[in-house]
J.: 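The structure follows.
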Protein chains: 2
Amino acid sequence: MPDSPTGLRPTPPPSRYGSRPTMKDVAARAGVGLKTVSRVVNGEPGVTAETESRVRSAIDALGFRRNDSARILRKGRTASIGLVLEDLADPFYSPLSRAVEDRARANASLLFTGSSAEVPEREQELVLALCARRVDGLVIIPAGDDHRYLEPELAAGVAVVFVDRPAGHIDADTVLTDNAGGSRDAVAHLIAHGHRRIGFIGDQVGIHTADERVRGYRQAMEAAGLPIAAGWVSMGPTTPERVRVEMARMLGGSEPVTAFFMGNNRVTVTAVRVLADCPRPAALIGFDDFELADLLRPGVTVVAQDPIRLGRTAADLLFRRLDGADEPPRRVELPARLITRGSGEIAPTVV
Amino acid sequence: MPDSPTGLRPTPPPSRYGSRPTMKDVAARAGVGLKTVSRVVNGEPGVTAETESRVRSAIDALGFRRNDSARILRKGRTASIGLVLEDLADPFYSPLSRAVEDRARANASLLFTGSSAEVPEREQELVLALCARRVDGLVIIPAGDDHRYLEPELAAGVAVVFVDRPAGHIDADTVLTDNAGGSRDAVAHLIAHGHRRIGFIGDQVGIHTADERVRGYRQAMEAAGLPIAAGWVSMGPTTPERVRVEMARMLGGSEPVTAFFMGNNRVTVTAVRVLADCPRPAALIGFDDFELADLLRPGVTVVAQDPIRLGRTAADLLFRRLDGADEPPRRVELPARLITRGSGEIAPTVV
DNA sequence: TTGAAAGCGTTACCAA
DNA sequence: TTGGTAACGCTTTCAA
């Protein structure tokens with residue numbers, strides 16, 4: 001087409017969004033009724049083979065794809081679920097995501113994922129956006145500690161499962177790791193290897209997993225009748241800098257620790273670096289397994305969670321609800337497992 | 001409520017899916033028109049403060065949430081994009097996913113994710129399911145090599161960007177790493193350190209990245225005027241068993257290799273294990289960085305891709321198209337970077 | 001400032 | 001075996 005008559009906008013920008021063909025278009029082209037097309041598209045019975053093939057040709061010729069927004073609007077169920085976690089890129093959560101995804105797939109559902117970055121407002125924003133999309137269910141690794149905003153969704157029948165940390169002020173299915181138990185096992189293991197002065201470095205107070213892990217540490221020390229000196233427990237941001245400072249402090253002084261129990265794998269990795277440069281060997285156990293822990297020298301003993309099982313269990317609970325299970329909310333606690341590799345079996349150095 | 005009069009089903013199972021309130025319900029409760037509710041919900045101007053507060057009270061009382069399926073059906077755009085990759089849990093892809101997610105967020109879009117497990121049929125199934133959901137765009141790490149099935153979507157204006165591997169039989173934006181270049185650099189680095197007999201173990205022939213990486217290996221050897229013996233290149237499944245066998249073979253015989261260049265990080269990790277038990281030290285460089293590579297002794301020299309940048313670039317191309325950019329498809333190639341850590345700087349052992 | 005009515009593309013229901 | 005017609009819950013358009 002030549003220049004426009006007005007001479008103003010030479011050519012109107014070509015409409016990028018070529019409108020898609022609808023069932024109506026297919027019906028017109030195939031010379032059948034709209035409902036017949038719907039039947040073919042959805043594999044419903046009651047269509048002659050001949051009619052069906054006419055419809056299929058029209059579908060292919062036009063490149064028709066059913067518009068699921070309209071379908072969802074009509075049917076109610078969206079066949080999609082949402083997963084909100086702290087960080088998609090965190091190696092601990094990615095197997096969990098994958099497990100949830102596998103279950104979603106098995107249940108013919110699509111999966112929305114989103115990272116809250118530990119910011120409660122972002123969690124809520126994401127969750128509500130997913131609710132507006134009318135996801136059938138939600139798997140949430142909570143960043144916030146008040147989930148009352150979900151009450152309308154629960155009332156409307158949206159299935160919600162919390163993972164890794166409990167929900168706040170709301171009664172819903174929850175899948176947790178036995179953090180305290182795992183920590184008890186780890187610390188008891190160090191004690192069994194002769195350690196009496198054991199340091200703990202964990203995440204910020206207030207984070208559920210962090211709190212539970214110190215709790216397990218204290219329980220194990222107490223059960224063994226061991227005192228805990230003031231400086232042996234350190235909670236705070238898990239930056240390498242802080243961890244280095246705290247380790248140096250605990251390794252110095254008149255009552256140096258001979259072993260460390262670390263509250264998460266970020267801290268553990270920093271600890272490995274510190275101990276590599278440390279003249280006096282100290283034992284080390286970390287909470288959470290990490291890749292290549294067995295390749296290091298010594299191998300790093302850890303208390304491992306099972307992120308795949310965590311995700312699978314959560315998704316199973318979710319789909320059980322979606323299948324109509326009408327039981328009170330459950331709280332499932334999965335065990336953590338001690339994996340010995342060497343670093344946790346180092347005997348205390350006599351001072 | 002007491003037993004039902006019939007005595008049959010004591011209480012009908014409570015309808016799990018309490019129908020949600022709609023704008024109509026809110027309007028009725030607030031005593032205003034439907035459109036006024038819509039205005040308030042969407043922050044449109046032209047509503048008295050007093051009317052607005054009446055509407056807001058009704059919204060809160062009813063727990064109303066806008067139904068985005070209906071909204072999408074009317075508006076056309078879904079404000080969501082899809083990401084289809086090989087495996088959500090693969091540590092290489094999770095930072096890429098996160099980068100795409102960040103960009104989606106910045107563009108007020110939600111993200112669907114799905115794993116193809118390298119199965120072309122599954123890729124197509126996932127992609128088409130996402131298209132039925134009318135995602136605005138797709139980021140695809142292809143499993144298959146024929147993407148003509150996407151023609152109707154491209155025609156309809158769906159933005160599609162391929163990452164990590166090229167699309168098949170279709171012209172679309174693509175973001176790749178310079179695999180051949182990175183491999184050339186790695187092998188040249190080994191040659192510069194005195195190696196003449198260098199083995200390569202890579203993934204299956206036919207996988208684009210695998211092919212490109214052997215190509216780079218051959219180019220570097222050729223550029224240095226070095227012959228490549230028949231047994232020095234091995235392509236196939238990257239199972240630990242095969243890698244062990246092939247390494248043993250290359251390290252034995254009359255012309256043993258003195259260095260290895262590994263085609264991906266799975267192979268590299270196996271190689272680290274093998275070399276740890278190997279009396280004669282061999283140099284090692286791996287394609288793809290991996291966590292803790294610097295903590296091993298020696299640290300593992302690698303050619304690193306930048307998965308975050310890969311994801312970010314792809315998402316940026318995507319949203320640029322969605323913002324109306326009307327340019328021919330681009331092919332962006334990002335550099336790979338050699339990171340020296342020790343294992344690649346070991347001198348050849350004289351035989 | 002407000003609201004009534006039409007329509008988005010599908011499925012449900014019923015009639016032919 | 002087929003195909004109207006009325007929803008689904010919202011946004012758009014236009015009139016009050």
Side-chain angles (χ1 to χ4, degrees), chain A residues 17-56 58-59 62-80 129 131-136 152 156-157, chain B residues 17-56 58-59 62-79 129 131-136 152 156:
Chain A
Y17 299 96
S19 62
R20 281 171 165 281
T22 69
M23 284 191 178
K24 201 170 148 194
D25 301 322
V26 175
R29 170 149 189 149
V32 300
L34 171 57
K35 179 64 212 187
T36 301
V37 176
S38 172
R39 287 201 180 91
V40 171
V41 169
N42 295 299
E44 286 166 23
V47 182
T48 330
E50 203 256 305
T51 311
E52 173 168 350
S53 87
R54 272 228 310 291
V55 172
R56 289 214 182 281
I59 287 176
L62 264 39
F64 167 83
R65 312 272 199 233
R66 180 177 66 199
N67 183 333
D68 276 354
S69 292
R71 166 170 238 247
I72 288 164
L73 180 58
R74 199 61 244 264
K75 299 203 77 149
R77 285 286 189 100
T78 60
S80 58
C131 290
R133 291 305 222 279
R134 293 295 187 267
V135 291
D136 299 326
Chain B
Y17 299 96
S19 61
R20 280 171 166 282
T22 69
M23 284 192 178
K24 200 173 150 193
D25 301 322
V26 175
R29 170 149 189 151
V32 300
L34 172 57
K35 177 64 213 186
T36 300
V37 177
S38 172
R39 287 202 180 90
V40 172
V41 169
N42 295 300
E44 286 167 23
V47 182
T48 330
E50 203 255 305
T51 311
E52 173 168 351
S53 87
R54 273 227 309 290
V55 172
R56 290 215 181 280
I59 287 176
L62 265 39
F64 167 82
R65 313 270 199 238
R66 182 178 64 198
N67 183 332
D68 276 354
S69 291
R71 166 172 238 247
I72 287 164
L73 181 57
R74 198 63 243 264
K75 299 204 77 149
R77 286 285 188 101
T78 61
C131 290
R133 289 309 220 281
R134 294 294 187 268
V135 290
D136 299 327

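Here is the naming used below: chain letters follow the sequence lines, and residue numbers restart at 1 for every chain.
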J.: When we call it a touch if two heavy atoms are under 4.0 Å apart, what does A/Arg39 touch: a base, just sugar-phosphate, or nothing?
T.: base
J.: Can you name the closest pair of heavy atoms from A/Ile59 and A/Val41 and give their distance?
T.: CD1-CG2, 3.9 Å
J.: Between A/Leu34, A/Asn42, A/Val40, A/Thr36, which is the residue that forms a side-chain contact (heavy atoms from CB on, under 4.5 Å) with A/Ser38?
T.: A/Asn42
J.: Distance check needed: D/dT1 C1' versus A/Glu52 CD, whole Å only.
T.: 13 Å
J.: Measure from CD on B/Glu44 to P on C/dT2 and round the result to the nearest Å.
T.: 13 Å
J.: Mind calculating the distance between NZ (B/Lys24) and P (D/dC8) to the nearest angstrom?
T.: 7 Å
J.: From CG of B/Asn67 over to C1' of C/dT10, roughly how many Å is that when rounded to an integer?
T.: 14 Å
J.: Does a side-chain N or O of B/Thr36 approach OP1 or OP2 of C/dG3 to a distance below 4.0 Å, or not?
T.: yes
J.: Does OP1 or OP2 of C/dT11 have a side-chain N or O of A/Asn42 closer than 4.0 Å?
T.: yes
J.: Side-chain N or O of A/Thr22 versus OP1/OP2 of C/dC8: is the shortest distance under 4.0 Å?
T.: no
J.: Report the distance from atom CZ of B/Arg133 to atom C1' of C/dG9, rounded to the nearest whole Å.
T.: 15 Å
J.: Does a side-chain N or O of A/Ser38 approach OP1 or OP2 of C/dT10 to a distance below 4.0 Å, or not?
T.: no
J.: Of the candidate nucleotides C/dT10, C/dT2, C/dG9, which contains the atom at the shortest distance from the side chain of B/Leu73?
T.: C/dG9
J.: At under 4.0 Å between heavy atoms, what does B/Ile72 touch on the DNA or RNA strands: base, sugar-phosphate, or nothing?
T.: nothing
J.: Of the nucleotides D/dT11, C/dT10, C/dC14, which has the atom closest to the A/Met23 side chain?
T.: C/dT10
J.: From the list C/dT11, C/dA4, D/dG9, which nucleotide is the closest neighbour of the side chain of A/Arg71?
T.: C/dT11
J.: Quick one: does B/Arg74 reach the base of D/dT11 with a side-chain donor-acceptor pair under 3.5 Å?
T.: yes
J.: Closest approach to the side chain of A/Lys35, judged atom by atom: which nucleotide of C/dA4, C/dA12, C/dT10 is it?
T.: C/dA12
J.: Picking from D/dC10, D/dT1, C/dT10, which would you name as closest to the side chain of A/Thr48?
T.: D/dT1
J.: Name the nucleic acid region contacted by A/Val47, choosing base, sugar-phosphate or nothing; use a 4.0 angstrom heavy-atom cut-off, strictly under.
T.: sugar-phosphate
J.: B/Lys75 NZ to C/dG9 P: how many Å, rounded?
T.: 16 Å
J.: Work out which heavy atom in B/Gly46 is nearest to a heavy atom in B/Arg39; give both atom names and the distance.
T.: O-CD, 4.4 Å
J.: OP1 or OP2 of C/dG9 versus the side-chain N and O atoms of A/Ser69: is any pair under 4.0 Å?
T.: no
J.: Whole-Å distance between C/dT2 P and B/Glu50 CD?
T.: 9 Å
J.: Which whole-number value in Å describes the distance from B/Phe64 CZ to D/dC10 C1'?
T.: 9 Å
J.: Donor-acceptor pair under 3.5 Å: do we get one between B/Arg134's side chain and the base of C/dG9?
T.: no
